Number of protein chains: 2
Amino acid sequence: MPTIRDVARESGFSASTVSIVLNRAPLARYIRKDTKTQIETVAKQLGYSPNLLARSLRNQRNHSIGVMVFDITDPFCTPILRGVETTLFNASFVPILADAHNDPSRFERALEMLLEQRVEGLIVVANWLCVNVNILSDIEKRNISTVIVGRDLAPSLSSVQVDNPLGGRLAIEHLYKLGHRKIAFIRGPKMLADSNQRWRGIRGFAATVGLKIDPRLVVELPNLLNPMHGFEAGYSKTMELLETGHPFTAISAFDDVTALGAIKALRSAGRRVPEQCSVIGFDDTTPAAVSAPSLTTVRQPMESMGANAAQMILDTGAAISQKMELAPSHRLLAPELIVRESTAPPVKFSGEH
Amino acid sequence: MPTIRDVARESGFSASTVSIVLNRAPLARYIRKDTKTQIETVAKQLGYSPNLLARSLRNQRNHSIGVMVFDITDPFCTPILRGVETTLFNASFVPILADAHNDPSRFERALEMLLEQRVEGLIVVANWLCVNVNILSDIEKRNISTVIVGRDLAPSLSSVQVDNPLGGRLAIEHLYKLGHRKIAFIRGPKMLADSNQRWRGIRGFAATVGLKIDPRLVVELPNLLNPMHGFEAGYSKTMELLETGHPFTAISAFDDVTALGAIKALRSAGRRVPEQCSVIGFDDTTPAAVSAPSLTTVRQPMESMGANAAQMILDTGAAISQKMELAPSHRLLAPELIVRESTAPPVKFSGEH
DNA sequence: TCCCGAAGTTCGATTTAAATG
DNA sequence: GCATTTAAATCGAACTTCGGG
């Protein structure tokens, strides 16, 4: 690997001059055009590319951003990563990945490693867990610019998340407009702030249109450690609903995986989806589109959330380098209703016509 | 952030001594015990942690591995990433992520960025594309130790992949043992080496048991650019099969997404799965477990593939530092049959009993 | 003062060669 | 020669300062 000194020797100029020319530093205005071209030619000939390690050591910037994911196997995470990577890539930044495996102690060690790498910023993708974790103190005392994706944990930490109340509203509104009145709800676990936020949206809409929510048709997921467990939980919670005997024509599930569990339960109970019961999910993760029936769901703009987070980090970096103070910002992105096959108008009860 | 010189000043020793003590360098044997403890105490007090950038500049190692993924949104990739990350983490290495977006030109630029970061090794997760790309020359001339996951592209590049012929065999064997004799096949696209390898396994088994494969029941996926398009392709190819009118009782699909597309087609044609037609996939990606019916499939040990790849990279790194030459190795990992709900014994034709 | 270029210092840690008692 | 410690060189680039025309 050729160094700047190789270029200097080969071109007959000093390393300083080469550096100034190749970086288009301010001083480059004073350097003659032909020496510039000469140096650039030699640099290209030699295939010189500056050693980022050396450069980083000088200006304390290594063009890398730490991306901490709570569970990379969660399909919710990957589109976010795609968004993050795309934005960083366009800015010539590189993501350093860390996976907490849904484990708080692992989170801390992983954070340690990212900070040791001297990442310039931190993006935390908080999908499920990340509640017990005392991220705040851990991160805040490190004084590194951070964006949380998927949660709003503290006013001092920037965040990007979907508008959960609106999402909840979209779900129930869709079912309502299809004609459903007896709707069952599988709420998210208590420990997730999302659960309550979506529920607020649901209740708000219900109040607006005068729909009453039967508390016997409302169940709640337990506090799970693994997002994939939502499948079994959705299954068993739906079984509970069916066993109580209270009739319902639709289920609004906390997320897609839960909804798929619900569909499985309905099938095994002999109820066809959507003919005999509609099901709506939340997130629009990969399985939603390819399941049979495909899942109607409220889409979180995950890629855009990732892109936003990355851009915010880059912006704060730029602001800091200009010695400007940038207040933490909290973005709320709009969800979108995706209508597929798992919802349909309710069938009239035989006794009703 | 305290530097080594701060520790030196505070403890009353020189930076050299501090470095030697803290790194447990060979010379540390000659240093008195109490100066060691003294230095270590001061270091802990100050919360000193060495600057990796400076250290990397010295020894040309930054404890980072480039991980190039061809499409991070492909559910096939994420378990591999999990395996890679876990193994690297345990070795205190860090993965730098790059996503080619299924785009060869992007691949090159991303590779560039990884190399600029001076990663110590490269893991390429080749899921779908990566055929047109001239990876070989691009990587080989960089002279960086590389492992390909999911493909075997060249003898000179190490690789980890599933035993495709065995996987193909497991799939057809399962269907055969259930009693299926009229089996349709959706082969993978020609440009993927996997397609042929799995097909070899299938034909091998068929020959062994004297099962004849009806060429009219064999269709082939087109050369797709995006793995998710396999869903639509699986759908339409199954439709074709149905339209020809040749009877079959089972479908062996190239992968899970294709299989799910096939299930959708069968449903829309009014054939229930598995009662009226069995379907088996390949990969065992996330959607397989949560679809309805859940998908019987041949599992690729993806996490293990990732872990293997990471370990191979770490090993070559260690070998190089000891000036040993390490020949590229090619690992084949065993697939595993995962039986779920989408396969069952064939029904007897009404005219047969 | 403007133009052109180079020498030398700095970033923070590692390591070799050398110095001290 | 031995045990113990350190000054100085090094990694590669960036930037400040300086000198001559």
Side-chain angles (χ1 to χ4, degrees), chain A residues 1-40 42-44 46-64 92 115-120 321 323, chain B residues 1-40 42-43 46-64 92 115-120 321:
Chain A
M1 276 272 150
T3 75
I4 198 171
R5 264 173 274 273
D6 296 326
V7 180
R9 187 168 1 89
E10 208 67 22
S11 66
F13 294 94
S14 75
S16 333
T17 311
V18 174
S19 172
I20 290 168
V21 168
L22 259 33
N23 291 306
R24 287 145 170 64
L27 275 179
R29 335 181 263 125
Y30 296 135
I31 289 178
R32 274 175 33 204
K33 251 211 180 85
D34 49 339
T35 77
K36 283 189 199 171
T37 53
Q38 209 172 326
I39 287 176
E40 276 162 355
V42 173
K44 193 163 297 177
L46 266 50
Y48 167 75
S49 100
N51 186 328
L52 276 198
L53 297 175
R55 175 180 280 179
S56 303
L57 181 57
R58 253 319 292 234
N59 37 241
Q60 307 290 357
R61 306 193 52 184
N62 59 3
H63 270 226
S64 79
S92 290
L115 295 174
E116 276 175 9
Q117 290 281 339
R118 297 295 206 271
V119 294
E120 291 184 41
S321 75
K323 315 221 185 286
Chain B
M1 276 272 152
T3 75
I4 198 172
R5 265 173 271 274
D6 296 326
V7 180
R9 188 168 1 88
E10 207 67 23
S11 67
F13 294 96
S14 75
S16 329
T17 312
V18 174
S19 171
I20 289 167
V21 169
L22 260 32
N23 290 308
R24 285 146 172 66
L27 272 179
R29 344 181 258 122
Y30 296 130
I31 290 180
R32 277 180 26 206
K33 247 205 185 92
D34 47 340
T35 76
K36 282 188 197 169
T37 54
Q38 211 172 327
I39 287 177
E40 275 162 357
V42 172
L46 266 50
Y48 167 74
S49 103
N51 186 326
L52 278 197
L53 297 175
R55 174 180 282 177
S56 305
L57 180 58
R58 250 321 288 232
N59 34 251
Q60 308 291 356
R61 306 192 50 183
N62 59 5
H63 270 226
S64 78
S92 290
L115 295 173
E116 276 176 10
Q117 290 282 338
R118 298 292 206 273
V119 294
E120 291 183 39
S321 75

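Values below: every heavy atom of this structure, side chains too, minus hydrogens, waters and symmetry copies. Small disclaimer: the values here were computed from a predicted structure and weren't measured. Labels below follow one simple rule: chain letters A, B, ... track the order of the sequence lines, proteins then strands, and each chain is numbered from 1.
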For [X] and [N], what is the distance between atoms [atom1] and [atom2] respectively, to the nearest whole Å?
X: B:I4; N: C:dT14; atom1: CD1; atom2: C1'; value: 8 Å
X: B:I39; N: C:dT14; atom1: CD1; atom2: P; value: 13 Å
X: B:R55; N: D:dG12; atom1: CZ; atom2: C1'; value: 18 Å
X: B:Y30; N: C:dA18; atom1: OH; atom2: P; value: 17 Å
X: B:L22; N: C:dG12; atom1: CG; atom2: C1'; value: 14 Å
X: B:D34; N: D:dA3; atom1: CG; atom2: P; value: 16 Å
X: B:R9; N: C:dG12; atom1: CZ; atom2: P; value: 12 Å
X: A:R29; N: C:dG5; atom1: CZ; atom2: P; value: 14 Å

Of the nucleotides [options], which one has an atom closest to the side chain of [X]?
X: A:N23; options: D:dA13, D:dT5, D:dA14; answer: D:dA14
X: A:Q60; options: C:dG12, D:dA14, C:dG5; answer: C:dG12
X: B:I20; options: C:dT15, C:dC4, C:dG12; answer: C:dT15
X: B:R32; options: C:dA13, D:dA13, D:dT4; answer: D:dT4
X: A:F13; options: D:dT6, C:dA6, D:dG12; answer: C:dA6

Can B:L22 and B:Y48 be said to form a side chain to side chain contact (heavy atoms under 4.5 Å, CB included), step by step?
CA-CA 10 Å; B:L22 260 32; B:Y48 167 74; 3.7 Å; yes

Taking the nucleotide of DNA chain D with the closest heavy atom to each, which residue, B:T17 or A:A54, is nearer the 5' end?
B:T17

Exercise: identify the closest heavy-atom pair between B:P2 and B:L46:
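Shortest heavy-atom contact: CG-O, 3.3 Å.
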
What is the nucleic acid contact for [X], judged by heavy atoms within less than 4.0 Å: base, sugar-phosphate only, or nothing?
X: B:T35; result: sugar-phosphate
X: B:S19; result: base
X: B:L27; result: base
X: A:I31; result: sugar-phosphate
X: A:S16; result: base

Verify the contact: side-chain N or O of B:T3 to OP1 or OP2 of C:dG12, cut-off strictly under 4.0 Å; return yes or no.
no

Are OP1 or OP2 of C:dA13 and a side-chain N or O of B:Y48 less than 4.0 angstrom apart?
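Answer yes for this pair, as a side-chain N or O of B:Y48 is under 4.0 Å from OP1 or OP2.
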
To the nearest 0.5 angstrom, please state how far the CG atom of B:L27 sits from the CD1 atom of B:I20.
5.0 Å

Donor-acceptor pair under 3.5 Å: do we get one between A:R58's side chain and the base of D:dA14?
yes

Can you tell me if A:N62 uses its side chain to pair, donor with acceptor, with the backbone of A:Q117 under 3.5 Å?
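Indeed, once roles are kept as given, a pair shorter than 3.5 Å links the two residues.
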
Quick one: are A:M1 and B:Q60 in side-chain contact, heavy atoms under 4.5 Å?
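Result no, sub-4.5 Å side-chain heavy-atom pair not found.
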
Between B:N51 and A:R118, does a side chain to side chain contact (heavy atoms under 4.5 Å, CB included) hold up when you go through it step by step?
CA-CA 8 Å; B:N51 186 326; A:R118 297 295 206 271; 3.6 Å; yes

